[in-house]
Each structure stands twice: as structure tokens, then as C-alpha cells.
Amino acid sequence: MNLSIERQANVYLLHVEGDLDASSSIILDNAMQEAIQRNEKAIIVNCEKLNYISSAGLGVFMSYLSDIEEKNIFFALCSMNEKVKNVFDILGLGDLIKYYPNQDLALQAAK
Amino acid sequence: MNLSIERQANVYLLHVEGDLDASSSIILDNAMQEAIQRNEKAIIVNCEKLNYISSAGLGVFMSYLSDIEEKNIFFALCSMNEKVKNVFDILGLGDLIKYYPNQDLALQAAK
Amino acid sequence: MQYNISIKAEKKNLKKVRTFLENIFTQMQIPELERNQLILVVDEILANLIIHSAKNDIHKNIDVAFYEKEGEITFEIYDYNSPYFDITQHKEVNLQDLKKQKRKGGMGLTLVKNIMDEVEVYYKDNTNIWRLQKRLPFLLLKNKSK
Amino acid sequence: MQYNISIKAEKKNLKKVRTFLENIFTQMQIPELERNQLILVVDEILANLIIHSAKNDIHKNIDVAFYEKEGEITFEIYDYNSPYFDITQHKEVNLQDLKKQKRKGGMGLTLVKNIMDEVEVYYKDNTNIWRLQKRLPFLLLKNKSK
Ligand SMILES: Nc1ncnc2c1ncn2[C@@H]1O[C@H](COP(=O)(O)OP(=O)(O)O)[C@@H](O)[C@H]1O
Ligand SMILES: Nc1ncnc2c1ncn2[C@@H]1O[C@H](COP(=O)(O)OP(=O)(O)O)[C@@H](O)[C@H]1O
């Protein structure tokens with residue numbers, strides 16, 4: 001898997017690419033930790049190029065939700081493909097993590 | 001596998017397509033038998049669309065070589081892809097069966 | 001037709017198993033979403049076994065068997081490296097608890113149970129055999145139309 | 001990583017095994033000609049076993065195992081349906097004889113022996129185990145460059 005970071009105004013945009021499984025989730029973990037430590041106002045994870053996610057990948061997001069709430073950071077995922085969204089939905093993660101079908105909607109919500 | 005028959009002047013052209021293995025070689029066998037019984041002057045098997053051949057497929061040609069010789073039929077294969085030609089070559093079948101890289105050359109030789 | 005794949009307990013092999021299954025399921029014309037769910041299920045169990053049971057010891061083996069019969073997909077995963085794992089004791093994850101505990105894991109088996117129709121573990125010859133089954137009725141229709 | 005495929009002794013399963021191997025070899029980036037040769041070898045042995053050993057009895061099983069180790073490809077094919085087959089008695093086919101006899105078969109094992117570096121059959125637990133090996137040194141180079 002590959003990660004890249006993009007800044008848009010006050011938003012820290014994380015683009016994830018490839019497969020996010022038990023082997024690669026550590027990379028995402030480091031990036032999330034780094035983003036939160038920087039005291040960003042808003043973190044959006046763009047999943048457009050994410051091909052696959054397992055519970056190890058989703059678990060990374062779950063483990064930072066409390067910190068994100070404490071620090072009052074806007075946090076959202078966006079642009080999942082159908083397969084990835086399906087896994088997100090099976091676990092009912094939409095109750096805890098904001099999700100937007102595209103990046104523009106996520107950026108608007110972050111304002 | 002698929003077979004189709006084409007006539008060009010005095011030549012009986014057999015086009016073979018797909019996979020020629022122990023399961024499908026019976027189809028080729030029937031077609032070869034039919035062609036030989038018709039007392040054709042020349043039989044050319046065009047292998048352009050032949051994806052795969054095993055010894056069962058090549059064995060069909062071998063089993064009719066004597067009949068073909070007796071009946072004085074011109075017989076050749078042509079247009080094999082690299083994989084199919086490689087199998088033909090490993091067995092050294094070029095010593096017994098005429099082979100041409102394309103159909104035009106085979107047709108010329110048949111004249 | 002039964003397919004088996006035997007791997008060493010290394011996380012980097014997870015991707016290889018996924019590709020292997022993707023090929024088979026594509027050939028079986030299983031649609032993309034179902035294909036992904038089935039692959040996910042095996043990936044989750046293997047990740048668990050690599051981490052919790054084989055403890056990342058790359059000399060340990062794990063075997064995965066797969067077959068389809070009468071419209072039902074069955075996986076059997078053989079774990080030689082753990083005492084009996086009583087899955088009947090496993091409870092559906094509570095997401096609020098997970099969030100509070102800041103845990104990274106804990107959702108895998110819940111996912112698996114939600115996707116499959118049948119998830120059992122039985123213990124035989126010092127081996128935990130995970131048997132996962134899912135009915136895909138459209139496979140039956142396809143076979144009939146042959 | 002070891003792959004296995006278990007089939008019923010039916011000629012129509014030959015194509016399935018070929019597709020299965022094609023997928024694995026493509027993933028391993030084995031070039032097309034070598035890929036075809038390796039697939040051919042398994043196809044030839046399986047065809048022999050289906051016809052001569054299992055005698056087209058679709059209730060009989062045949063297993064194929066495949067692994068790669070240090071640049072060497074190994075197939076093991078398990079035939080449960082035949083007495084010991086002494087391959088050391090097999091002689092290279094004579095094409096002129098074949099032609100005279102108008103035989104359709106007889107070239108399979110010659111092909112296999114020409115392609116592989118090692119072809120052995122040993123008998124254990126009422127099973128003929130065909131072990132076929134071929135060194136593909138470029139696989140070693142690829143692994144090293146990782
Ligand atoms: N094969 C196993 N052997 C021992 N413990 C296991 C095994 N599989 C799962 N577990 C335990 O069951 C728990 C629940 O598994 P799971 O829902 O997949 O969560 P996780 O994502 O933490 O693996 C794991 O945290 C682990 O402690
Ligand atoms: N497993 C087997 N059991 C018994 N006989 C076999 C077996 N495999 C091959 N044979 C015999 O060995 C002969 C040579 O095999 P092969 O070169 O592959 O030719 P063919 O194309 O006729 O199978 C076959 O004709 C068959 O009589």
C-alpha cells in the first residue's frame with residue numbers, strides 16, 4: 001500500500017492506495033498518529049485508490065477516534081470503492097466515522 | 001476447441017481454435033478422418049487460433065500420416081503460435097509433418 | 001475440485017492468498033462484492049492465526065482448503081499452532097467499547113461471522129480446523145444451465 | 001508456499017487445472033513459453049492418469065501439488081488408482097514406429113521427460129507419486145533482487 005499527503009487550506013488530506021491489510025496497516029497507523037500529533041483542524045482520508053481493506057485497516061481508524069474527539073479534530077473518510085464501502089458497512093462503522101462519497105463533500109463538511 | 005472448414009481451390013483448409021487436449025482431440029480426429037475419406041488432394045490445418053496443444057492433439061495428426069501418404073495427399077500444418085510450435089519442435093515432428101509459418105506459404109506448397 | 005494453499009505464518013503471504021483466491025473466484029464468475037467478502041474472510045482468519053497462534057513464526061505452516069459443492073462455498077483453515085480455540089465463546093464486537101479502549105483489533109471475527117453462514121472451529125489431531133461456509137445460490141443456477 | 005489442486009478423474013477437468021496453473025505462473029512472472037511447458041507437463045501426466053489409471057472413473061481422485069524452492073519448480077502428482085508404475089521402463093518414443101502403427105498416443109511421457117530436469121515415480125501407501133522438477137534459474141535472480 002501507498003500513502004500520500006496533500007494539504008488543502010486547513011485540511012490534512014491522506015490518500016491511501018492499494019491494499020490495507022494486517023501487513024500494511026502499520027503504515028497507515030504511523031501516518032494517522034503523525035497527523036493527530038500535528039494538531040490538524042481536519043483530517044480526511046481519501047480512499048479512492050484503496051483497493052482492499054480488512055479489519056486491521058479499519059481498526060487503525062477506530063483506535064484514534066477517542067483522541068480525535070478529545071482534540072476536537074474533524075475526521076472523515078471519503079470516496080471508497082464499492083468493495084471497501086461494503087466492509088465498512090457490514091461492521092456498521094458509519095455510526096462512529098463520518099463518510100462522504102466524494103472528496104468535495106468531505107471538504108465542504110470540514111469547513 | 002472449435003473447428004471450421006474452408007475450401008480454397010483444391011485445398012481443404014481446417015481452422016482449429018482454442019485448446020486441443022486429451023478431452024477435445026476427438027473432435028479433431030473426426031474432422032481429419034472425414035477429410036481423408038473425402039479423397040481431398042490437399043489438407044492444410046491452420047493453427048493460427050490454436051491456443052494450446054498437448055500430445056493428444058499432435059497424436060491425431062501422427063495417426064493419419066500413413067493413410068495420408070498412401071493416398072498421396074498433400075498435408076501440412078501452418079501458422080502456429082510460439083507455444084504450440086515449441087511443443088511441435090520438442091517432439092521433432094518437423095521431420096514427419098510439413099510446417100509453414102503462414103497460410104499463404106502452405107497454399108503455395110500445396111499447388 | 002478442491003484447491004489448497006499452504007503458507008508460512010508471515011503477514012506478507014496474506015496478499016498471495018488473496019490473489020490466489022481472486023483468480024479462482026473470478027474464474028467461477030463470482031461477482032465482485034461477494035468475491036471480496038469471501039477473500040476478506042480468509043484474510044481475517046489467516047491474519048488472526050499468523051498473529052495470535054503462530055505468533056509470526058515463519059517456520060510454522062497454515063493450510064487453506066477451498067471447495068464448492070451444490071452452491072455452497074467451504075473454506076477449511078488448518079491451524080497446527082494453537083490449543084483448542086473455542087469460537088463459541090467469542091462475542092460480537094462492541095464498537096463503543098473498542099473506541100474507548102483505543103484497541104486496533106477486535107473486529108475480525110465479527111466481520112467473518114457476519115459474512116459467512118456457518119463458522120465453526122473443531123479440534124482434531126492437535127489441529128484447530130476452521131470451517132467456514134456460505135451458500136451462494138446463483139452458483140447452483142449457473143451449474144444447472146451447463 | 002505450496003499449492004494443491006484435487007480433481008476427479010474426468011478429462012474436462014484438465015482445462016481447469018491448466019487455468020489454475022496459468023494463474024499461478026503468470027503471478028510468478030514465468031515467461032509464456034516456460035509457462036506453457038510446465039502446464040503441458042502436468043496436463044500430460046493427468047491425462048495419462050485419468051485414462052490409463054483411473055480409467056475415466058469420475059469418482060476417483062487425483063491430487064496435484066506445486067511449489068517453488070530456490071529456483072526449482074516441483075510438481076507432485078498423486079495417483080491412488082494404479083499399481084506401481086515403473087517409469088524407468090519407459091523408452092523415448094520412436095516417431096517412425098508410431099506412424100507405422102497409426103497410434104494416437106505414445107508421445108506424452110517423452111514430452112514430459114524432454115521438458116523436465118527430473119521425472120520420477122515412487123510408490124508409497126498404495127500411491128504412485130509422480131515427482132517432476134525443473135530448474136528455472138531466473139526465478140532465483142528475481143527473488144534475490146527483492
Ligand atoms: N487462533 C487463535 N488463537 C488464539 N487466540 C485467538 C485466535 N484467534 C483469535 N484469537 C483471539 O480472539 C480475539 C478476537 O479476534 P478478532 O475478532 O479477529 O480480533 P483481532 O482483530 O484482535 O484479531 C483476538 O483478539 C485474539 O485474542
Ligand atoms: N499411470 C499409468 N498407469 C498405467 N499405465 C500408464 C500410466 N501412464 C502411462 N501408462 C502407459 O504408458 C504408456 C506411455 O505413456 P505416454 O507416453 O504418455 O503415451 P500416451 O500418450 O499413450 O499416454 C501409455 O500408453 C500407457 O500404456
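Naming: A, B, ... by sequence-line order, numbering from 1 per chain.
- Annotation for Arg131(C) and Tyr122(C): closest pair NH2-OH, 2.8 Å, computed over non-hydrogen atoms.
- Contact annotation for Gln37(C): only side-chain heavy atoms (C-beta onward) come within less than 4.5 Å of a heavy atom of chain A.
- Of the atoms belonging to Ile115(C), it is side-chain heavy atoms, and not backbone ones, that fall under 4.5 Å from chain A.
- The choice from Leu98(C), Asn36(C), Asn13(C) that makes the most heavy-atom pairs within less than 4.5 Å of chain A is Asn36(C).
- Between chain C and the residues Leu93(A), Asp95(A), Asn86(A), Leu58(A), the largest count of heavy-atom pairs under 4.5 Å involves Asn86(A).
- Ion pairing of Glu10(C) with Lys16(C) is absent here, as no side-chain N (NZ or NE/NH1/NH2) approaches a carboxylate O to less than 4.0 Å.
- In terms of heavy-atom pairs under 4.5 Å with chain C, the best-connected choice from Asp67(A), Val84(A), Ile53(A), Val60(A) is Asp67(A).
- Both the backbone and the side chain of Leu91(A) come within less than 4.5 Å of a heavy atom in chain C.
- Contacts between Glu44(C) and chain A at a heavy-atom distance below 4.5 Å involve the side chain alone, from C-beta outward.
- No other option in Glu69(A), Met62(A), Lys83(A) has as many heavy-atom pairs under 4.5 Å with chain C as Lys83(A).
- For the side-chain hydrogen bond (donor to acceptor under 3.5 Å, both in side chains) with Ser53(C), the lone residue among Asn81(C), Asp79(C), Asn128(C) that qualifies is Asp79(C).
- Using modelled atom types and a 3.5 Å distance limit, the side chains of Ser24(A) and Asp21(A) yield a donor-acceptor pair.
- By the 30° and 60° cut-offs, the orientation of the rings of Phe25(C) relative to Phe75(C) is perpendicular.
- Both the sub-6.0 Å distance and the 45° axial angle are satisfied by Arg18(C) relative to the ring of Tyr52(A).
- Heavy atoms of Phe61(A) lying under 4.5 Å from chain C are absent altogether.
- Test Val121(C), Asn48(C), Leu132(C), Ile129(C) against Ile77(C) for side chain to side chain contact (heavy atoms under 4.5 Å, CB included) and you get one pass: Leu132(C).
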